[in-house]
Amino acid sequence: MTKSELIAHLSGANPHLRLPDVELIVATIFTEITAALSRGDRVELRGFGAFSTKTRDPRTGRNPRTGESVAVTAKSVPYFKPGKELRERINKPAAPRAPARASSAA
């Protein structure tokens with residue numbers, strides 16, 4: 001789902017909200033999550049998951065084209081850990097399907 005699809009879905013599910021308001025809400029949430037992560041904070045959304053940053057140590061990498069050694073500096077990368085409720089919903093077994101009916105040609 002893209003950001004525009006999310007906005008369209010939320011707008012359709014909440015007809016009492018104007019489209020520009022839904023766009024502002026979604027943009028504000030993403031901006032606040034990004035700002036918190038850039039400050040080094042953790043963002044937890046109960047039932048969904050937690051966003052945090054992990055630090056990668058400096059290392060020696062290789063240029064895949066030339067095979068030359070390249071120094072890779074330390075950096076922080078975003079990390080998402082899904083919550084228990086999200087994992088359970090994703091891994092919930094599919095409901096059993098009803099047996100297909102035989103079509104009759106008359």
Side-chain angles (χ1 to χ4, degrees):
M1 175 180 283
T2 64
K3 184 177 175 181
S4 59
E5 290 171 340
L6 174 63
I7 291 169
H9 179 76
L10 291 173
S11 182
N14 298 284
H16 60 284
L17 295 174
R18 297 175 343 152
L19 182 62
D21 294 336
V22 175
E23 290 173 348
L24 179 63
I25 291 167
V26 171
T28 302
I29 290 171
F30 289 160
T31 301
E32 288 302 315
I33 291 172
T34 303
L37 291 175
S38 67
R39 288 190 306 267
D41 294 341
R42 182 173 186 264
V43 178
E44 182 178 337
L45 304 172
R46 295 286 167 123
F48 183 69
F51 296 92
S52 60
T53 57
K54 288 196 172 198
T55 304
R56 289 194 181 161
D57 295 329
R59 61 185 175 84
T60 302
R62 295 227 179 265
N63 181 332
R65 186 171 289 181
T66 63
E68 178 184 346
S69 293
V70 178
V72 179
T73 59
K75 59 183 162 186
S76 293
V77 293
Y79 176 74
F80 175 73
K81 181 178 179 185
K84 179 181 176 185
E85 199 173 310
L86 177 61
R87 282 193 315 270
E88 288 173 353
R89 288 184 70 178
I90 290 172
N91 292 315
K92 185 168 79 172
R97 291 185 174 184
R101 294 183 182 183
S103 60
S104 59

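Values reported hereafter were calculated over all heavy atoms of this structure, with side chains retained and with hydrogens, waters and symmetry mates removed.
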Does the side chain of R56 pick up a donor-acceptor pair with the side chain of S76 at under 3.5 Å?
no
Can any side-chain N or O of S11 pair as donor or acceptor with the backbone N or O of I7 at less than 3.5 Å?
no
Looking only at non-hydrogen atoms, find the nearest pair between [X] and [Y] and report the distance.
{"X": "S52", "Y": "R42", "answer": "CB-CG, 4.2 Å"}
{"X": "V43", "Y": "A36", "answer": "CG2-CB, 3.5 Å"}
{"X": "S38", "Y": "A35", "answer": "OG-O, 2.8 Å"}
{"X": "E85", "Y": "G47", "answer": "CB-O, 3.5 Å"}
{"X": "F48", "Y": "L86", "answer": "O-CD2, 3.2 Å"}
{"X": "R62", "Y": "G67", "answer": "NH1-O, 3.5 Å"}

For the [atom1] atom of [X] and the [atom2] atom of [Y], what is their distance to the nearest 0.5 Å?
{"X": "K81", "Y": "E44", "atom1": "NZ", "atom2": "CD", "result": "10.0 Å"}
{"X": "R18", "Y": "E23", "atom1": "CZ", "atom2": "CD", "result": "10.0 Å"}
{"X": "R39", "Y": "T34", "atom1": "CZ", "atom2": "OG1", "result": "10.5 Å"}

Side chains of N14 and V22, heavy atoms from C-beta outward: is any pair under 4.5 Å?
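Not in contact.
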Do [X] and [Y] sit in the same hydrophobic cluster, where Ile, Leu, Val, Met, Phe, Trp and Tyr count as joined when their side-chain heavy atoms come under 4.5 Å apart?
{"X": "F51", "Y": "I90", "answer": "yes"}
{"X": "F80", "Y": "I29", "answer": "yes"}
{"X": "M1", "Y": "L19", "answer": "yes"}
{"X": "L37", "Y": "Y79", "answer": "no"}
{"X": "L10", "Y": "L24", "answer": "no"}

